Amino acid sequence: MAAARPTWRTERALWNDGRVRVAGVDEVGRGPLAGPVLAGAVVLRYSRARWISRLRDSKLLPANAREELAAEVRDRCDWGIGAVSQQTIDQIGIAPATRLAMRRAVLALNQSPDALIVDGRERLDCAMEQRAQVRADAMCKSVAAASIVAKATRDAIMDRLAEQ
């Protein structure tokens, strides 16, 4: 059975409530024993463009497709990356480090969003409308885009670390 494709449902609900700039937020690197935890934040505009229709949870895409889509997101969207080092993870713990990476990703956007869709159960320490949604990376277009940008960025970091 094929995985469900992300939809615009959650973004559309926020747009209908008057939120114009809705950012999807997702993290990568929470489970591995090495490297930083990263988060991506992406503001997508509604479109039926082919590259947007190919968005999926980053874990479901082969590396070459993920990198191709990450390049599209970087070229066409407002996006931000937040990172927290392994040293900081050891000091404060993985859950606070994940929230910090997500907050940093949101702050790295060119313009502040009106609302966030956050993958998972927790909300961020931000004074704006938020929807925390488990498996949002598989269900929401903007969170899938954030997942892809974060994963492609972390993969590049880990490749460089492996060379060292």
Side-chain angles (χ1 to χ4, degrees), residues 1-17 19 21-33 35-70 72-74 76-84 89 93-109 113-126 128-155 158:
M1 185 168 133
R5 292 181 178 197
T7 69
W8 293 108
R9 183 175 303 142
T10 306
E11 290 91 344
R12 190 173 284 126
L14 288 162
W15 294 331
N16 289 341
D17 283 346
R19 307 296 195 264
R21 289 182 46 81
V22 175
V25 184
D26 193 21
E27 58 74 29
V28 296
R30 186 174 175 144
L33 296 175
V37 64
L38 266 71
V42 174
V43 177
L44 277 180
R45 292 187 185 150
Y46 177 78
S47 172
R48 291 190 173 149
R50 175 152 165 61
W51 73 270
I52 288 180
S53 70
R54 294 175 38 226
L55 293 172
R56 301 285 181 283
D57 176 353
S58 65
K59 295 179 290 294
L60 302 177
L61 295 169
N64 62 336
R66 192 169 46 241
E67 191 53 50
E68 208 175 282
L69 285 166
E72 290 283 355
V73 171
R74 290 181 193 117
R76 299 172 184 262
C77 301
D78 187 4
W79 61 277
I81 291 289
V84 175
I89 295 167
I94 190 61
T98 299
R99 288 189 301 273
L100 178 58
M102 288 179 160
R103 188 170 194 289
R104 287 177 176 172
V106 171
L107 293 173
L109 293 167
D114 301 319
L116 303 175
I117 305 169
V118 181
D119 183 50
R121 289 186 170 86
E122 299 184 47
R123 294 174 182 265
L124 306 184
D125 185 18
C126 300
M128 66 182 65
E129 174 75 21
Q130 296 180 49
R131 304 263 170 103
Q133 186 173 350
V134 174
R135 300 277 303 129
D137 51 359
M139 297 189 290
C140 303
K141 295 274 190 188
S142 62
V143 181
S147 169
I148 289 166
V149 170
K151 177 83 169 104
T153 303
R154 187 173 191 282
D155 287 350
M158 295 308 292

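Below, each value reflects all heavy atoms present in this structure, side chains not excepted, and no hydrogens, waters or symmetry copies. Fair warning: this is a prediction, and the values are worked out from it, not measured in the lab.
Residues satisfying the side-chain hydrogen bond (donor to acceptor under 3.5 Å, both in side chains) test with Glu27, not counting sequence neighbours, are none. With sequence neighbours excluded, the residues that form a salt bridge (charged side-chain N to carboxylate O under 4.0 Å, His left out) with Arg54 are Glu68. By the side-chain hydrogen bond (donor to acceptor under 3.5 Å, both in side chains) test, Gln130 is found to be paired with no residue, residues two or more places apart in sequence or in another chain being considered. When the side-chain contact (heavy atoms from CB on, under 4.5 Å) test is applied to Gln133, the partners found at least two apart in sequence or on another chain are Thr10, Ile117, Ala136, Met139, Cys140.
Judged by distance alone, the side chain of Asp114 and the main-chain N or O of Arg21 form a donor-acceptor pair under 3.5 Å.
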Would you please test Arg74 and Thr153 for side-chain contact (heavy atoms from CB on, under 4.5 Å) and show each step? CA-CA 11 Å; Arg74 290 181 193 117; Thr153 303; 3.4 Å; yes

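You'll find the side chain of Leu44 reaches within 4.5 Å of the side chain of Leu55, heavy atoms only. Side chains of Asp137 and Arg135 form a contact here, defined as non-hydrogen atoms less than 4.5 Å apart. When side chains are defined from C-beta on, Tyr46 does not count as touching Ile52, because their heavy atoms never get closer than 4.5 Å. Residues Arg56 and Pro6 meet the side-chain proximity criterion, which asks for heavy atoms closer than 4.5 Å. Side chains of Glu67 and Pro62 form no contact here, defined as non-hydrogen atoms less than 4.5 Å apart.
Nearest heavy atom pair, residue Arg123 against residue Ala132, reads CG-CB, 4.4 Å. Closest approach of Gly35 and Met158 over heavy atoms only: CA-SD, 3.8 Å. Of all the heavy atoms in Val42 and Trp79, the pair that sits closest is CG2-CB, 4.0 Å. The minimum heavy-atom distance between Val25 and Ala41, with the atom names listed, is CG2-CB, 4.2 Å. Across Ala150 and Leu38, no two heavy atoms sit closer than the pair O-CD2, 4.1 Å.
Trp15 and Trp8 have tilted rings, their planes meeting at an angle from 30° to 60° on a 0 to 90° scale.
Using a 4.0 Å cut-off between a side-chain N of Lys or Arg and a carboxylate O of Asp or Glu, Arg19 and Asp17 do not qualify as a salt bridge.
Applying the side chain to side chain donor-acceptor pair (under 3.5 Å) test to residues at least two apart or on different chains, the pairs with a partner in residues 142-151 are Glu11-Ser142, Asp26-Ser147, Ser58-Ser147, Lys151-Asp155.
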Side-chain donor-acceptor contacts of residues 96-107 below 3.5 Å, not counting sequence neighbours, with atom names and distances?
from	atom 1	to	atom 2	distance (Å)
Thr98	OG1	Ile94	O	2.8
Arg99	NH1	Glu122	OE1	2.4
Arg103	NE	Asp125	O	2.8
Arg104	NH1	Ala83	O	2.7

